[in-house]
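Quantities reported herein were computed from a predicted structural model and do not represent experimental measurements. Below, all heavy atoms of this structure are taken into account, side chains as well, without hydrogens, waters or symmetry copies.
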Amino acid sequence: MAAAAAGTFGLIAAPAVRAQGAWPHGRPIRVICPWPPGAANDALARLLGQKLQEKLGATAVVENRTGGAGLIGTNAVLQAPPDGFTLLASAFNTAVMPLVLRGATFDPQRDLEVMARTAQAPLVMVISGMRSQRSVAEVVEAAKARPREWNIAISSLGSAGHLATIEFNRRTGANLDMVAYRGTQPALTDLMGGNAQLLIDPSFALLPATADGRVRALGIATAQRSRLAPDVPTMAEAGLPGYQFQSWYGVWAPKGTPAEICQRVNDLMQETMREPAIVERLTSQVLEPVTESIEDSRRFIAAEIARATELLRSVNYQPE
C-alpha cells in the first residue's frame, strides 16, 4: 500500500512556482530517505521532492540511503553542509535513535533542524493467522503459559512499534522475545509464515494484510476506533487503558541551515498537506496529514523523546 501511495503521489500535479533568490537554485536538492523504496517514508520523501520541484522550481533527487536502522542515511545528512541542499525525510526513529542504537552519537534536538512533521499513523497489533487467539487477553494468557512458543517481530530498532512492544511487555508481563527485522515487509512476511507470532506497526502497513486472513488485527493503539477499521477494538478496549502509540514522519536539515529555508519547507509541506487530493489519499490509507509550525513540531518531538526516555529507563533498556 505504501508503494501504491508513492505512485499515487506521483500523479498529483500542480503548476510550478519558481522561487526567488539563491535557494533552491544552483544544484539539485538531495532528499535523503534512510529507508527502502516502497515504505511510507519513501512515499513521503518523494512527495516532498515533487513539491519542491513543482512549487519552488527546484531539482530534487530522492536518495534511499538504507542500513543501520536508519543511521546510515541520517549520518549522511548530519555530515552535509547546512545550506538547504540536503534534507532528511524520515520518521519517529530519528528522534529516538540515540536512545536505542549504540552507534548513534548525535542529539536530534541539538544536531538537526526540524523543518516539518508531515503525517502520522496509529499503530496496530496483528497476530499470525496460524494462531488461534482472537484477543489481546488470549494472547497474554497463552504467552505466559508457553513463552517459548511466542515471539514478537519488530520492524526496526527504534521504530514506534519497538517502543510500543516494550510497553506491551511491561504492561502485560508477557515478556515476549523481540526479534528485530530490516523493515515492516520482512517482519510481516515472517508473521504470515508463522515464524513470528505478533507484530505492532503502523496501521497503513498492517491493516491491508488482514484481508486474506494470514494475519488478524487484535487492537489499534488509538483513543477511539478508526473509521477505516471499525471492527478493530482499541487497545484500551482490549484491556490496556491509555495504550496509545503512533508513528509519524517529518523533514529535517543539518544544524545551522538558515531559518528562512526551514520556514519555506515548513510552509511548502503545510500547503501540501492541506491539498484535498493529498488528504484523501493519505486518510484512505490510515495516514493523517499533519500541518503545524516548526515550533509546534519541536515541542511535539521533545515530548516524544521524553516519553521514550522514561519508558526505556523503566525497563533498563541498553542500546544495541
Side-chain angles (χ1 to χ4, degrees), residues 1-2 40 92 120-157 159-181 183-248 283-288 307 311 315:
M1 178 166 284
F92 174 94
Q120 56 194 23
L123 300 192
V124 171
M125 171 181 276
V126 295
I127 186 172
S128 170
M130 297 182 179
R131 290 283 168 167
S132 63
Q133 288 74 24
R134 297 279 173 172
S135 69
V136 172
E138 290 178 6
V139 166
V140 173
E141 181 182 3
K144 287 182 175 179
R146 297 179 179 274
R148 292 186 180 179
E149 294 182 2
W150 291 83
N151 62 54
I152 187 164
I154 298 169
S155 62
S156 175
L157 291 174
S159 66
H162 183 193
L163 275 292
T165 300
I166 291 173
E167 176 66 357
F168 179 78
N169 272 342
R170 188 186 74 84
R171 292 273 297 268
T172 64
N175 294 321
L176 300 173
D177 287 336
M178 295 182 285
V179 181
Y181 288 79
T184 299
Q185 194 54 52
L188 189 56
T189 298
D190 259 15
L191 192 74
M192 291 176 171
N195 296 317
Q197 286 68 54
L198 294 166
L199 172 63
I200 303 173
D201 227 35
S203 48
F204 66 83
L206 299 188
L207 287 177
T210 65
D212 60 7
R214 286 187 291 173
V215 301
R216 293 191 304 277
L218 298 179
I220 188 166
T222 53
Q224 291 87 32
R225 292 196 184 199
S226 169
R227 64 178 180 83
L228 297 176
D231 295 332
V232 180
T234 67
M235 293 296 279
E237 291 175 307
L240 294 175
Y243 186 96
Q244 296 178 32
F245 282 90
Q246 63 181 351
S247 185
W248 50 266
T283 54
S284 71
Q285 297 169 38
V286 206
L287 275 165
E288 178 187 349
R307 181 190 186 191
L311 172 58
V315 297

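A distance-only check finds a donor-acceptor pair linking the side chain of Arg216 to the backbone of Arg131 [under 3.5 Å]. A donor-acceptor distance shorter than 3.5 angstrom exists from the side chain of Tyr243 to the backbone of Ala164, with no hydrogens or angles considered. Panel note: side chain Ser203, backbone Pro122; a donor-acceptor pair is recorded below 3.5 Å. A donor-acceptor contact shorter than 3.5 Å is absent between the side chain of Ser156 and the backbone of Ser159.
To the nearest 0.5 Å, atom CG of residue Leu218 and atom CD of residue Gln133 are 9.0 Å apart. To the nearest 0.5 Å, atoms CD (Gln285) and CZ (Phe204) are separated by 9.0 Å. Here the CG atom belonging to Leu287 is positioned 14.5 Å from the CH2 atom belonging to Trp248, to the nearest 0.5 angstrom. Between Ile166 atom CD1 and Phe245 atom CZ the span is 9.0 Å, to the nearest 0.5 Å. Considering CD of Gln244 and CE of Met235, their distance stands at 11.0 Å, rounded to 0.5 Å. To the nearest 0.5 angstrom, Leu199 atom CG is 10.0 Å from Met192 atom CE.
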Worksheet item: Does the side chain to side chain contact (heavy atoms under 4.5 Å, CB included) test come out yes or no for Val124 and Leu207, once each step is laid out?
Response: CA-CA 8 Å; Val124 171; Leu207 287 177; 4.3 Å; yes

Discussion item. Run Leu311 and Arg170 through side chain to side chain contact (heavy atoms under 4.5 Å, CB included) and show every step you take.
Written reply: CA-CA 9 Å; Leu311 172 58; Arg170 188 186 74 84; 4.0 Å; yes

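At a threshold of 4.5 Å between non-hydrogen side-chain atoms, the residues Pro202 and Leu123 count as touching. Taking 4.5 Å as the limit, some side-chain heavy atom of Met178 sits within range of a side-chain heavy atom of His162. At a threshold of 4.5 Å between non-hydrogen side-chain atoms, the residues Arg171 and Val140 do not count as touching. When side chains are defined from C-beta on, Leu191 counts as touching Val126, because their heavy atoms get closer than 4.5 Å.
Nearest heavy atoms, Ala187 versus Ala153: CB-CB, 4.0 Å. Among all heavy-atom pairs drawn from Thr283 and Arg227, the shortest one is CB-NH2, 3.9 Å. Between Leu176 and Asn169, the shortest heavy-atom contact is N-OD1, 2.8 Å. For the residue pair Ala196 and Tyr181, the shortest heavy atom distance occurs at CB-OH, 4.2 Å. Residues Thr165 and Ile200 share a closest heavy-atom pair of OG1-CD1, 3.9 Å. Of all heavy-atom pairs spanning Gln224 and Thr234, the tightest one is C-CG2, 3.5 Å.
Crowding of Glu138 atom CD: a count of heavy atoms from other residues, nucleotides or ligands under 6.0 Å exceeding 12.
Judged as a salt bridge (Lys or Arg N to Asp or Glu O under 4.0 Å), the pairs with a partner in residues 230-240 (not counting sequence neighbours) are, in order, Arg225-Glu237.
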